[in-house]
Each structure stands twice: as C-alpha cells, then as structure tokens.
Amino acid sequence: DPDSDTAVSAQYKVNKRPRDDDSEDEMNHNAEEKTGPKVEDSSSDHAAPAHIAYDKLTEFQEQQLYGKYYKIRRDIIATLSDKEHDDGSWGPILVRLAWHSSGTFDKLDGSGGCDGATMRSKPECDDPENAGLEIARNKLEAIKQKYDKEITYSDLWIFASYIAIEAMGGPYIPFKSGRSDEKEKKLCPMNGRLPSAEGDGGHIRQVFNRMGFNDQEIVALIGGGHVLGRCHKDRSGYDGPWVDNPIKFSNEYFEELFENEWEEKEIKETGKVQFKDKGDELMMLPADMVMIKDAEFEKWSKIYYKDKHRFMKDFGVAYKKLTELGCKNLVHVNGGQNSNE
C-alpha cells in the first residue's frame, strides 16, 4: 500500500500511556509469534480455544469446532501472516470485508446483508466505503477455488473473518454455514447504508438500528472493528491506525479513547478531518469521538475500557448476530442445529 510506510509486523510504536495490566502481554507478542499462541485454560470464562494454531489441536478436536471446514481454517490461518501487507497480517482487512458485507442489512424489508456476497458486483463493489476491499476478496480467491464445491463466497468471507479474529487473539465464534451466493435484485443493497466516518450519534444509531442493534451492541461492534487495522489515504482519505498494535484483538481502542488527548487535524492531501494523539502516531475518526461524547455510548465505552473480558464476550455475540442478519436456514458446522437454536 503506498501510504502504509514500511510495514514490519514485529515493530510497533509505543504510545506515551502509563503501563496497564496488558503491558506484559504486548511485550511478549513477538515471542508468542515464534512459539505459537498459548492454549486457553478450558476452565476460564472463555472455554472455547481462541486463536489456537491448527497444529495445536488434534484432527478430531478441529472437526468438533469447525466441522467440515477445518481444513479451510488451516488454509486461512496460513494466509494471514504477511510482513509485506500493512502491519503484518491480512486479518484486519478480512474482518472489514465481512463487516461491510454484512453491515448493509435492513430489517424492514430483508434487503442487504452478507447473504448473496453481493459486493462482488456493482453498485456495492463501487461504494466508497468499500474502497480497497477488492484486495481482500482477491486474497481469498485461491481458497475459494480450492474448496469451490464445499463453501460459498458468502460463507467464506464470514468464516475467514471468524478465524482472523481468533488468530489475532479475539473470541472463538461458533460458525454457521448455509449462506447463498445468489440474491434477488430487489434485495441487493444500494450504496450509502454503511456507517460514515463523519457520522454523529444520530447517524450512527440510524445505521445500526436499521439492522436491529442497540447502543451496547453498537459500541461493541465499533470497538471490535476499529481496534484492528488502519485507514489509508488513498482509500478512505483518512490515515493511520487507531491503536498501537493493530493486529491484536483487545480493548485497546477504548483505552486509547479515554487515556489520550485528541487534537483535531486536517489531512492536507484529502481535506479530511480526523483526530490525532499528542505523539501524532494514532488517529480517531469523527465518529469514534462520538463513543466518548454521547452519554449512552460513553457508558458502554467505559464498561469495555474497564472490562476487556466483558468486551470480548459482547463483541463475539454482536458480531455473530451481524454476520447472520438476513441469512436463513443456517446450520452449525459442528452440530447441525438450525440457526434458531
């Protein structure tokens, strides 16, 4: 990417914040990359094994968790690490692909949503909010061709995001398959349904309420989406990461919001206005600042700032809901239950 500077996965700029309880975890990030992720204690609140490399599980255990898609998961994991791409991982952009594919749903008429994988075609692929996502779609194409008869594009986009979230330290999200790659034209979304980076509280609620989300779910979804990856001037007009470690899933987004002092700045090349920290290393969008200026959003932002486990749990539930909106007859890949169970 022309404005990603020199992307080196093992190096991150450290913000001038006091150390918190996660400092040691972040310092050990590089060592963990070499030795492999740690297996989560099954007696903890999160018994499902988040971000365990496939070779840490027996084949039987893989099938229990991922059903017939366990080999696809292996291939997804194998594609994530790439020191030449942004901050060293394809994970964030795969999450963005699934998020934007799902975030067009309208509960009133059932249009939009990830079912149908409609971002493959116009007008959705040309929506300015989806700029750059053809890179993610192309990245998954080799996996789609390898398993063409086993998985649809729409299922692959969502499944890849689940595995990416796991691999970056986020929650295990049980996957349901059954999304189609076909959709009636009248149910395909028009552009303009995704949240705007410049939106105020009213705009944000209008977009998310249209899909059926409340304030708590809104904050969880925004916090989970913006803790990963970065903005690019040549795509959105904004520039930079939200957090110090943009390939690690955590509640750092909320830490940065509350612990930094943010100054409004204009990007000369694009005319876009964003907020920068004192070290001029991190950024927040105007819509991000609403998370601490709107009273109800701030309430949930503070909860997630203080309780990362609550955030992980709530994000997993909200993200699963987002990626199943409008999808009928879904079945658990590890059990065969229908989507209502």
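Worth knowing before you read on, the calculation uses all heavy atoms, side chains too, and leaves out hydrogens, waters and symmetry mates.
- S111 and R193 share a side-chain donor-acceptor pair at under 3.5 Å.
- Considering only heavy atoms from C-beta on, L285 comes within 4.5 Å of H226 through its side chain.
- In this structure, K107 places its NZ atom where more than 12 heavy-atom neighbours from other residues, nucleotides or ligands lie under 6.0 Å away.
- Heavy atoms from other residues, nucleotides or ligands lying under 6.0 Å from NZ of K122 number 12 at most.
- Among D294, D200, N214, the single residue meeting the side-chain hydrogen bond (donor to acceptor under 3.5 Å, both in side chains) criterion with R205 is D294.
- Under the 4.5 Å side-chain heavy-atom criterion for ILVMFWY residues, a single connected hydrophobic cluster contains both I163 and I135.
- Only one option out of Y319, Y162, W157 pairs with F175 in a ring-ring contact (aromatic ring centres under 6.0 Å, His included); it is Y162.
- A side-chain hydrogen bond (donor to acceptor under 3.5 Å, both in side chains) with N130 is found for exactly one of E124, H100, R235, namely H100.
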Could you go through D181 and S154, starting from their C-alpha distance and side-chain angles, then the distance that decides it, and tell me whether this counts as side-chain hydrogen bond (donor to acceptor under 3.5 Å, both in side chains)? CA-CA 6 Å; D181 281 343; S154 49; 3.3 Å; yes
Take Y69 and E62 through the side-chain hydrogen bond (donor to acceptor under 3.5 Å, both in side chains) test and state the conclusion after the steps. CA-CA 9 Å; Y69 291 155; E62 289 181 88; over 6 Å; no
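- Checked options K328, K320, K321; the residue passing with E324 is K320 (criterion: salt bridge (Lys or Arg N to Asp or Glu O under 4.0 Å)).
- With hydrogens and angles disregarded, no donor-acceptor distance shorter than 3.5 Å links the side chain of K278 to the backbone of N260.
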For side-chain hydrogen bond (donor to acceptor under 3.5 Å, both in side chains), just list the numbers for Y304 and Q216, CA-CA rounded to whole Å, side-chain angles, deciding distance to a tenth of an Å, and then say yes or no. CA-CA 10 Å; Y304 295 145; Q216 173 258 315; 3.0 Å; yes
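- Under the 4.5 Å side-chain heavy-atom criterion for grouping Ile, Leu, Val, Met, Phe, Trp and Tyr, Y70 is connected to Y147 within one hydrophobic cluster.
- By the side chain to side chain donor-acceptor pair (under 3.5 Å) test, N138 pairs with no residue at all, sequence neighbours left out.
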